[in-house]
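Here's the structure, in structure tokens; my notes come after.
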2 protein chains.
Amino acid sequence: MTVRPYTKALDRLKSVGLRPTRQRLGLGKLLFEGGDRHVTAEDLHGQASQAGVRVSLATVYNTLNQFTEAGLLREVVVEAGRSYFDTNTSAHHHFFYESTGSLQDIPAEQVRVHNLPAAPAGTSVSRVDVIVRLRAGT
Amino acid sequence: MTVRPYTKALDRLKSVGLRPTRQRLGLGKLLFEGGDRHVTAEDLHGQASQAGVRVSLATVYNTLNQFTEAGLLREVVVEAGRSYFDTNTSAHHHFFYESTGSLQDIPAEQVRVHNLPAAPAGTSVSRVDVIVRLRAGT
DNA sequence: GTGATTGCAAATCTTTTGCACTAAA
DNA sequence: TTTAGTGCAAAAGATTTGCAATCAC
């Protein structure tokens, strides 16, 4: 069997109609071939450098936004002034470690949110986020 | 009965040991005497101007942060790069209107979150936020 | 080739900070 | 007085954008 390092990323790009450029493939590989991940633009830019993928920070931002619009990523906002991008796009929730700024998925099936008021007239629910903020200590 | 326009704000400031300066009183009055509110620093600065309370944007930021640290406000993060401050500091959740960027409280008693995994070892839950994101349309 | 994509630097936006000035106690 | 608080302008971060150069098709 041949090694096809970019296959998953390539397929994802194709499936959403984004031209598979060197940097999109490189970033896609980093994002999609390492299990579920939560990264900031800065994080990903650093990882790209280490992995030898040459890409500017501006392009990392643009790419993350394009991937998010295309539904390949999900943006998670838990802290003012910093966006996280989550490779897990299915319904789920998050633990947020306040001391380290890191995120951890909570499977959606596991959580039950009851008695939410109905969406106000003229609107519909696009997403329900549950964020469990954790502090260090007992 | 005498009119005591700053009473509520004054009491709150005293209760947390913040010196009641002209601008803190002015901002406090705007914040605490208008029912539950969700404001950004920019919002509040604008409202202060209109109300004739002269205060710089920097001081608005500083004041919002001090009030939040003192427990008079609660910071709500729903959008990247923008912080909302909520005058309702009791446990509750939020509707977020994506199209307008506005927030609406959902009373906590009304919502039941079941089966949340326990806080990981070495941590404890500081807060559980439920954000119901609404889009315009049905 | 031709249009999409990228890189870079500059621009934007929100928020914070340093410091001289002002006001509360 | 004495010390906390304020305003302003500059600084700091995160993110976006304009445009010429580059790459995918």
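Being a predicted model, the structure only gives us computed values, none of them experimental. Sequence lines set the chain letters: A, B, ... in the order given, protein chains first and strands last, and positions in each chain run from 1. Values reported hereafter were calculated over all heavy atoms of this structure, with side chains retained and with hydrogens, waters and symmetry mates removed.
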By nearest-nucleotide position on DNA chain C, the 5'-leaning member of A:Ser56 and A:Ala80 is A:Ser56

So which of residues 69-78 of chain A are in contact with DNA chain D, with a heavy-atom cut-off of under 4.0 Å? none

Short side-chain N/O contact from A:Arg24 to OP1 or OP2 of C:dT5, under 4.0 Å: yes

Check whether A:Ser124 reaches the backbone of B:Gly137 with its side chain - one donor and one acceptor, N or O, closer than 3.5 Å. yes

Determine whether a donor-acceptor pair (N or O, by modelled atom type, separation under 3.5 Å) exists between the side chain of A:His45 and the backbone of A:Asp43. no

Return yes if a side-chain donor-acceptor contact under 3.5 Å exists between A:Asp86 and A:His94, otherwise no. yes

Under the criterion side-chain contact (heavy atoms from CB on, under 4.5 Å), I'd like the reasoning laid out for A:Val132 against A:Leu134: C-alpha separation, chi angles, the key distance, then a yes or no. CA-CA 6 Å; A:Val132 181; A:Leu134 302 171; 4.0 Å; yes

Whole angstroms only, please: what is the OH-C1' distance between B:Tyr84 and C:dT14? 13 Å

What does B:Thr40 touch in the nucleic acid at a heavy-atom separation under 4.0 angstrom: a base, only the sugar-phosphate, or nothing? nothing

Looking at residues at least two apart in the chain, or sitting in another chain, which of them share a salt bridge (Lys or Arg N to Asp or Glu O under 4.0 Å) with A:Arg127? A:Asp129

In whole angstroms, how far is the C1' atom of C:dC13 from the CD atom of B:Glu42? 9 Å

Between A:Thr21 and B:Arg54, which is nearer to the 5' end of DNA chain D once each is assigned its nearest nucleotide? B:Arg54

Do any of residues 57-67 of chain A sit with a heavy atom less than 4.0 Å from DNA chain C, and if so which? A:Ala58, A:Thr59

Scanning both residues in full, the closest heavy-atom pair of B:Arg37 with B:Thr87 reads N-OG1, 2.7 Å

With no hydrogens and no angle check, is any side-chain donor or acceptor of A:Arg133 less than 3.5 Å from a backbone partner on B:Val125? no

Can you tell me how far C1' of C:dC13 sits from CZ of A:Arg82, to the nearest Å? 16 Å

Looking only at atom types and distance, does a side-chain atom of A:Thr59 sit under 3.5 Å from a main-chain N or O of A:Val55, one as donor and one as acceptor? no

Looking at residues at least two apart in the chain, or sitting in another chain, which of them share a ring-ring contact (aromatic ring centres under 6.0 Å, His included) with B:Phe67? B:Phe32

Taking heavy atoms of chain A and a 4.0 Å limit, find me the 5'-most and 3'-most nucleotide of DNA chain D within that range. D:dA14 to D:dC25

Verify whether one side chain among B:Tyr84 and B:Glu75 offers a donor that lies under 3.5 Å from an acceptor in the other. no

Could you tabulate the donor-acceptor pairs under 3.5 Å formed by side-chain atoms of residues 107-118 of chain A, not counting sequence neighbours?
none

